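Just so we're on the same page: letters track the sequence lines, and every chain starts at 1. What you see is a predicted model, and the numbers here were worked out from it, not measured in a lab.
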There are 2 protein chains.
Amino acid sequence: MRMHASHPLSAFLPTRQLRVPQGDFDDEIGTDGRTIVYIEEGVVKLVGHLGADREQIAAFAFEGDVLVVPAHVSTPHTLHALKDSVVYFLRSDDLLLKGRPATGAGQLLDRILADLGRSRELSALLGRKSARERICGFLVEMEERIGRRENGAVTLDLPMSRREIGDHLGLTIETVSRQLTDLRERRAIATCGRSRIDILDPQGLRALAGSVD
Amino acid sequence: MRMHASHPLSAFLPTRQLRVPQGDFDDEIGTDGRTIVYIEEGVVKLVGHLGADREQIAAFAFEGDVLVVPAHVSTPHTLHALKDSVVYFLRSDDLLLKGRPATGAGQLLDRILADLGRSRELSALLGRKSARERICGFLVEMEERIGRRENGAVTLDLPMSRREIGDHLGLTIETVSRQLTDLRERRAIATCGRSRIDILDPQGLRALAGSVD
DNA sequence: CGTCACTTTGAGCAGGTTCAATCTTTGTGG
DNA sequence: CCACAAAGATTGAACCTGCTCAAAGTGACG
């Protein structure tokens with residue numbers, strides 16, 4: 001499903017490729033209009049800043065994802081790379097007004113709407129789910145987006161820290177840690193080092209995630 | 001800023017106008033693809049269903065707003081009219097692939113991105129704000145979207161109930177009520193009946209909303 | 001092998017929920 | 001126009017989930 005090296009985006013629109021090392025790259029985002037980012041390689045997080053060290057991670061974006069950086073909102077948002085990444089920038093103004101909707105435009109719009117869909121899903125999670133449900137919902141989402149099948153179980157290599165997971169799910173690191181410990185004791189997952197998580201019971205996890213499905 | 005009677009949307013795209021009485025109109029939404037809704041008149045809410053009477057109101061949409069109904073997400077979403085409304089439906093497939101990007105297309109995309117911006121703002125609110133901050137943030141947003149200036153103060157005629165406010169902000173009706181009472185006692189707002197709220201101290205409200213701004 | 005950042009675990013606390021009772025608003029029919 | 005009913009809103013008291021603060025443990029990298 002991912003766009004390839006000579007992907008449609010750059011084929012018909014004025015994009016700007018950027019290789020970013022792990023870390024911040026806020027300078028690259030224009031503040032005057034909405035920016036659309038396509039992740040060609042790596043992992044990126046979109047962070048909302050509420051002041052006083054309060055952060056809400058609005059989204060994690062992986063290879064092939066599109067991320068819309070909001071403008072004209074009261075919470076300032078910035079982008080950060082969790083790994084060395086290659087991204088393309090695109091101003092929303094350029095998407096339609098220049099004419100020439102090509103093959104890639106529909107795909108791009110689809111991905112923008114997918115981004116919006118994930119945002120709605122996050123709202124439901126933050127507004128109405130318990131800590132247990134949030135963690136399980138997060139693990140299920142990660143499984144679907146970056147899980148690798150490995151003889152039976154699904155393996156996750158999480159590129160984000162406990163703090164970042166907490167800042168995404170509206171929880172503290174302590175609560176994240178406790179919930180993961182609990183899931184480990186229930187044999188729903190197994191952990192190995194800081195970033196690796198094996199999903200032992202995908203169905204159990206989905207049940208605990210508390211969605212309708 | 002709102003589109004007018006012969007608005008660009010219908011001028012270049014296959015839309016479907018629908019007059020809906022107050023209440024549900026879920027049947028009208030196709031389940032097979034993402035649906036984009038333009039509110040010509042009235043007020044609409046987008047509801048995410050988490051089962052067991054748990055609801056998250058993802059968005060309220062007023063005249064001139066565009067609302068994207070997410071598809072392919074694990075939380076089913078439905079639309080409801082809070083008043084008699086007139087809305088236009090548009091499938092995302094039809095937006096770009098048919099060619100002919102017209103004047104309205106850019107405007108429409110802008111509004112889709114505005115919808116996404118509001119969704120990000122909501123995530124920040126739900127993930128990281130206290131009950132007090134949520135209520136104040138909500139009032140400030142409503143002030144900006146549907147507030148009417150009336151000799152000095154700004155007046156709101158809220159079309160939603162306390163329950164709906166709670167289901168939007170991730171709070172119970174009791175907490176919403178208590179917070180409003182508290183704001184009334186601090187002389188930040190005044191209430192009149194169930195739906196009318198006068199904003200007496202807009203700046204104070206913004207300060208209590210806890211955004212950076 | 002030592003250091004530093006990150007993670008885990010524990011104990012006490014607090015903001016918001018739950019449950020229950022009362023009060024207010026709104027709409028309806030006499 | 002008033003009385004009544006039903007839905008919605010407010011208030012109170014007890015409780016509970018997740019937070020805060022603190023300390024100990026673990027992994028990653030020089």
Side-chain angles (χ1 to χ4, degrees), chain A residues 22-23 45 50 52-57 82-83 125-139 156-186 189-198 208 210, chain B residues 22-23 45 50 52-57 82-83 125-139 156-186 189-198 208 210:
Chain A
Q22 191 188 329
K45 65 174 175 177
L50 293 119
D53 291 331
R54 285 197 296 179
E55 294 190 345
Q56 173 63 41
I57 298 183
L82 300 189
K83 292 181 179 179
L125 180 147
L126 293 172
R128 285 283 169 245
K129 290 192 178 183
S130 66
R132 160 63 44 80
E133 293 171 322
R134 293 180 197 203
I135 292 288
C136 292
F138 175 73
L139 290 175
L156 293 181
D157 237 312
L158 294 182
M160 70 289 281
S161 68
R162 299 287 186 268
R163 165 159 303 285
E164 289 169 318
I165 295 173
D167 283 345
H168 184 52
L169 301 179
L171 301 170
T172 58
I173 32 175
E174 293 94 331
T175 300
V176 171
S177 185
R178 275 186 257 268
Q179 291 297 333
L180 288 178
T181 300
D182 214 59
L183 289 174
R184 198 184 317 121
E185 288 170 352
R186 288 161 168 262
I189 63 172
T191 58
C192 176
R194 276 172 185 162
S195 60
R196 180 172 165 176
I197 293 184
D198 293 321
L208 291 174
Chain B
Q22 192 188 329
K45 65 173 175 177
L50 294 117
D53 291 330
R54 286 197 294 180
E55 293 191 344
Q56 173 63 41
I57 298 183
L82 300 189
K83 291 181 179 179
L125 180 147
L126 293 173
R128 284 283 168 248
K129 291 193 176 181
S130 66
R132 160 63 44 81
E133 293 171 322
R134 292 180 199 204
I135 292 289
C136 292
F138 175 73
L139 290 175
L156 294 181
D157 236 313
L158 295 182
M160 69 289 282
S161 68
R162 299 288 187 269
R163 166 160 301 286
E164 289 169 319
I165 295 174
D167 283 345
H168 184 52
L169 302 180
L171 301 170
T172 58
I173 34 176
E174 292 94 332
T175 300
V176 172
S177 185
R178 276 185 256 266
Q179 292 297 331
L180 288 177
T181 300
D182 214 59
L183 289 174
R184 197 184 318 121
E185 287 170 353
R186 288 160 168 262
I189 63 172
T191 58
C192 176
R194 276 170 186 162
S195 59
R196 180 170 164 177
I197 293 184
D198 294 320
L208 291 174

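Counting heavy atoms from C-beta on, the side chains of B:Leu139 and B:Leu156 come closer than 4.5 Å. Using a 4.5 Å heavy-atom cutoff, the side chains of A:Leu183 and A:Leu208 are in contact.
One can place CZ of A:Arg163 at 14 Å from P of C:dA5, the figure rounded to the nearest angstrom. Atom pair B:Arg196:CZ and C:dT24:C1' shows a separation of 18 Å (rounding to whole Å applied). Regarding B:Asp53, its CG atom lies at a distance of 13 Å from the P atom of C:dC19, rounded to whole Å. Atom pair B:Ile173:CD1 and D:dG12:P shows a separation of 16 Å (rounding to whole Å applied). Taking atom CZ of residue B:Arg162 and atom C1' of nucleotide C:dT24, one finds them 11 Å apart after rounding to whole Å. Taking atom CD1 of residue B:Ile135 and atom P of nucleotide C:dG15, one finds them 16 Å apart after rounding to whole Å. Rounded to an integer number of Å, the gap from B:Ile165 CD1 to C:dG16 P is 16 Å. Atom pair A:Leu158:CG and C:dC6:P shows a separation of 16 Å (rounding to whole Å applied).
In terms of heavy-atom proximity, A:Arg128 sits nearest to B:Arg54 at O-NH1, 2.8 Å. Across A:Pro159 and A:Leu82, no two heavy atoms sit closer than the pair O-CD1, 3.8 Å.
Salt bridge annotation for A:Asp182-A:Arg186: present, with a cationic side-chain nitrogen under 4.0 angstrom from a carboxylate oxygen.
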Heavy-atom contacts, protein to nucleotides 25-30 of chain D, under 4.0 Å, summarised as B (base), S (sugar-phosphate only) or - (none) per nt, yield -BB---
Quick tally for nucleotides 17-23 of chain D: nucleotides whose base has a protein heavy atom under 4.0 Å get B, sugar-phosphate-only ones S, the rest -, giving -SSBB--
B:Asp198 vs B:Ile189, side chain to side chain contact (heavy atoms under 4.5 Å, CB included): CA-CA, chis, key distance, verdict:
CA-CA 6 Å; B:Asp198 294 320; B:Ile189 63 172; over 6 Å; no
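In terms of phosphate contacts, B:Ser177 brings no side-chain nitrogen or oxygen within less than 4.0 Å of OP1 or OP2 of D:dT11.
In this structure, A:Thr181 contributes its side chain and A:Ser177 its backbone to a donor-acceptor pair below 3.5 Å.
With no hydrogens or angles considered, a side-chain donor-acceptor pair links A:Arg184 and A:Thr191 at under 3.5 Å.
Among A:Arg134, A:Glu174, A:Arg132, A:Glu133, the single residue meeting the side chain to side chain donor-acceptor pair (under 3.5 Å) criterion with A:Gln179 is A:Arg132.
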